[in-house]
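The model shown is predicted, which means the values in this text are computed figures rather than measured ones.
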Amino acid sequence: MKNSDGAYIQAYNAQAVVEPVFGQIMTCQNDRQLLLRGEDGARGEWRLLAACHNLRKIF
């Protein structure tokens with residue numbers, strides 16, 4: 001918002017945007033929790049989910 005001088009006023013009601021990719025993966029792909037154990041398994045599963053998400057955006 002601008003004041004009469006043309007300068008911007010600090011807005012206190014600003015809202016943060018949640019990363020939509022995480023929400024889309026959780027809701028559209030029904031991924032509420034990771035199924036594989038360990039850090040390597042979880043990382044691999046998350047990469048697969050992210051790759052599938054990107055492919056769905058292309059097609």
Side-chain angles (χ1 to χ4, degrees):
M1 296 179 8
K2 289 186 179 182
N3 61 11
S4 60
D5 297 333
Y8 286 97
I9 301 171
Q10 174 67 38
Y12 292 102
N13 60 351
Q15 297 179 359
V17 176
V18 177
E19 191 70 33
V21 173
F22 300 118
Q24 290 171 1
I25 287 176
M26 287 181 66
T27 57
C28 297
Q29 295 180 6
N30 294 327
D31 186 55
R32 295 285 177 190
Q33 66 185 38
L34 299 175
L35 301 175
L36 298 176
R37 294 185 193 175
E39 187 175 340
D40 291 335
R43 183 179 291 122
E45 187 175 352
W46 180 256
R47 286 180 179 168
L48 179 63
L49 287 168
C52 291
H53 175 77
N54 288 333
L55 287 173
R56 290 180 81 187
K57 286 171 51 175
I58 292 173
F59 296 110

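Placement of Ile25 and Leu34 within a single hydrophobic cluster is found when ILVMFWY residues are connected by side-chain heavy-atom separations under 4.5 Å, directly or transitively.
Taking CD of Gln24 as the start and CG of Leu49 as the end, the distance is 13.0 Å to the nearest 0.5 Å. Expressed to the nearest 0.5 Å, how far CZ of Arg56 lies from CD1 of Ile58 amounts to 13.0 Å.
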